[in-house]
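Let me begin by presenting the structure, written as structure tokens, before commenting on it.
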Amino acid sequence: MAYAALSSLMYTLEQLLKPNQSFVCRCSTQQHLQSLYQNLSALQLFLDSTTTKDIETLKFIEKRIRDVIYKAEDKVDSSLRSIILADCTESREGACKFFEEELVKVEKDVDSLEQEVMQIEFNKHGSRSAELAAAPSSPEKGKIEENTIVGMEDDFNTILDRLTAQTHELTVIPIFGMGGIGKTTLARKVYDDSFISSRFDKHAWVTLSEEYNERQILLELASSITVSNQEMSDDQLREIVRRGLKGWRFLIVIDDIWSTEAWDQMQRIFPNDDNKSRILLTTRLKYVADYVNCPDFPPHCKSFLTLDDSWNLFTGKLFRKDVCPPLLVEIGKHIVQQCQGLPLSVIVVAGLLGKMDPTYDNWKKVEENLSSFFGTVSERCQSILSLSYNYLPQYLKACFLYVGGFPEDIEINVSELIRLWIAEEFVRGRNNKRLEVVAEEYLEELIDRSLMLADNHGDNGMMRTCKIHDLLRQLCLREAHTENVVHVMNANVSISLEAIDDKRRLIVQFDLEEKQFYPTRHSSGITSITRTFISRQTYFRKRNLSIVSQLKLLKVLDVFSIEYDFSCVIPQLVHLRYVAAKIEETLSLAKLRNLQTIIFESFLGTKLKHPVDIWTTTEIRHVDIRSPLYISNPVEAENNSSGEHPLFLNNLQTLTLHLSPFAVEIIRRTPNLKELRILHEAKHSDGLAILDSLCLLEKLEKLHLEAQQTVNPIMIFSGDIFLPNLKELTLSSTYIPWEAMNLLANLPNLEVLKGYSAFDGTDWSLNEDVVFRKLKRLLLDRCRDLQKWEAGSDNFPMLEKLMMFWLDKLEKIPESIGDIMTLKLIQIEYCSFGVETSAEKIKQEQQSLGNYELQVQITPMLSHVWQQQQQDQQVRQLQQTLLQSERALIAAECFIRHSDKWS
């Protein structure tokens, strides 16, 4: 991956060009570094700004850049490692000399590469433009036509309603979603509908695809609306189209549009005569849909099919009007379930199974080899899905392919993904934003491009996990293998250096069913170039573990899942940016200057003789060192370094402190923290000092405090300057008095407040002066002494979600809580019967006022369930008694009537 390779080497050079990196010795070396950096920047700018649509040529250029830059980075990193590990002045000077020699070679190679690439682009760019002008635009190649709208009835009715709305002005109705999800099928069904057809005077359908050919589109529109010929100029065609539509009510379908620029050129030819004309548009890109849509009609997101709808589509394609044999239903549904609701995948599966006899044995073989079967399905779908990848901007391609390294069907932790992206140098700074913010924007862009799926969101509304469709993951794996971005290997097979010496990033999974794309090769004799080693499994062969220590140029090492001591390995990996591992011995991080993420846990619970010293890792961004490990005292680190100035970790964004005896000093030296989690025991006497030191963290947005002692927040929560940017606060085992808890309302930007055994007392009363102005989510868990809660809607004017768990003594929820205009959900779990009843009453009252948006979810206590079951049983017994009595009465009446006849 050329762009990512450039970014990684550029980051290394950026670090070397910093004033404090004088260990590269020579002034001439600095000049070579600057020259090389400028050449790399030019190549990256070239990739960013290239406009060629010739995918094959672009891939050739990218491969050429990638191969040269990978080799250049290998030379730089290997020689730089020798400098860092040099143990005496003489060896350091020799290493510096060799580094400069290698740098000169790299500089020449990159300069030659730049000239070569520019020449390739010039030649292709000129010929390609002429080809595009002459070639006709065609529908998306490989598109599988399917006009069955199984499972799209709701989508169809939504689009129908928008097309027939009473809005008179020209309205654009965009449909967006993943490739193969049925956007074109839906649009075609609407376009061909007789009711819709009769409402419009003029109709036209044009397909743009990723290469916008304006002349061809004008010709298609003109021929659909009026008459045209190939000899007309573009201006003449525009005038013909505009005149042909003027005064008529028209319906235009623009299928598969890929850019806002294409829309800007097209929209000028469509007149707005306020006669209810409509333009229906399909795209994979949410930002394009947002750009073209009208305020009254937000873009319509085409959703995935349910399993039942997928099954109906599958059987309709395979068996037509016949019924699927009962013996095949269970197996068939299991196979179809793997399509994950993507219509394209369902249709391809039906086509493949249609080529074999529909017998139990045949389908059972498919079920037993799903990975291989869906590899074939993936290949059939690639022509459609790969368009989305090819159209990605350079900076997103490596980010997308990297996701393929996560296990199939897994919920991907967004925070972990972002930290890995940053460590891999996929994320470049923009507009002075934090790298984490830029990475979040990258992820949102991939979602907007229908390449990834947002999954779970946290209480703060931020995305917590994301997903990728299996077919897109297969695309990632194939492209990542070709581009040498990520290689996925099986943990239960033996791994050798010869097998991985050309693999840039290696992710090891257990019981991997997918086809292995990575043949063993003979070693080139050099140190392995592997830069990333990630294991997703606990079990790992001992022979494979020894391989890790030989990967000298690693930049990402995530072996946290493996029960093994890596404390001897880590200090030798001087290029590490990301490390997650278990350690048993005290280790030095002094030579790991580029570390950005540290996640350490003690191997087998071993307590180290010395704490972990992180104070030389000035690039560090994320630290999670778990008990009994702890971070060293920065005061001692300052004394040992003989520095005149205190040590600060200004880049640190997230920090976890587990039972740290130096928490106060650490917090004082991490002024730019965004997230902080503290676990503090009562035996430590510095509890108030820790809380007081938090005042220095003006940028802090998330705080989790688990105190295991009673905390009096009066001194620190009453100040106007306390944590002005704090948005989320979680308190555990703090036992704050309810009257003191009200002081939390002074936090001006607090949006989420969660308390787990956090508050103490029987009564919680909020007067009108206590206002949580921005609080959106409130969670109270196990505040078991709480009996009375007095509050009004004005105390929580922005509350959206109220969650109450294990409040078994609370009498009720204040009725006025239901009057909060923004409230959407009340969630009750294992609370008193009074809480449950009051929640239901609030819901009923709101519904009587026309508010049906408020949802109430109740999970009753087991005792309540038992009581309800007892009551239900008593009712059933009473009903049975009444029924028996009624039957006896009827029998008696019949007997009396018959007795009268007999007499």
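By convention here, the first residue in the shown sequence is residue 1. Every value quoted in this text rests on a predicted model; they were computed, and no experiment measured them.
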Asp448 side chain reached by Phe176 side chain, heavy atoms, under 4.5 Å:
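The answer is no; the side chains never approach within 4.5 Å.
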Residue pair Leu160 / Phe156, side-chain heavy-atom distance below 4.5 Å:
yes
| query | Is the count of non-hydrogen atoms from other residues, nucleotides or ligands lying under 6.0 Å from Arg464 atom CZ greater than 12? | reply |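 Atom CZ in Arg464 is not packed in, count stays at 12 or less.
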Check ion pair Asp193-Lys189 (N to O, under 4.0 angstrom) = no
In short, salt bridge (charged side-chain N to carboxylate O under 4.0 Å, His left out) pairs touching residues 160-182 with sequence neighbours left out are none
Salt bridge (charged side-chain N to carboxylate O under 4.0 Å, His left out) pairs touching residues 383-398, sequence neighbours excluded, are Glu62-Lys397
### Message
Distance alone, cut at 3.5 Å: any donor-acceptor contact between the side chains of Thr306 and Asp309?
### Response
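Yes, Asp309 and Thr306 have a side-chain donor paired with an acceptor closer than 3.5 Å.
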Checklist entry - Does the side chain of His168 pick up a donor-acceptor pair with the side chain of Asn275 at under 3.5 Å? => result no
Note: Ser378 and Leu471 closest approach over all heavy atoms is CA-CD2, 3.7 Å
Looking only at heavy atoms, the pair that brings Val241 and Leu218 closest together is CG2-O, 4.0 Å
- Query: Relative to the ring of Trp363, is the ring of Phe319 parallel (under 30°), tilted (30 to 60°) or perpendicular (over 60°)?
  - Reply: tilted
Worksheet item: What class does the angle between the rings of His203 and Tyr191 fall in, given that below 30° is parallel, 30 to 60° is tilted and above 60° is perpendicular?
Response: perpendicular
query = Taking the six-membered ring where the residue is Trp, are the ring centres of Phe772 and Phe796 under 6.0 Å apart?
reply =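 Yes; Phe796 has its ring centre under 6.0 Å from that of Phe772.
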Contacts of Glu701 meeting side-chain hydrogen bond (donor to acceptor under 3.5 Å, both in side chains) (sequence neighbours excluded), chain-then-number -> none
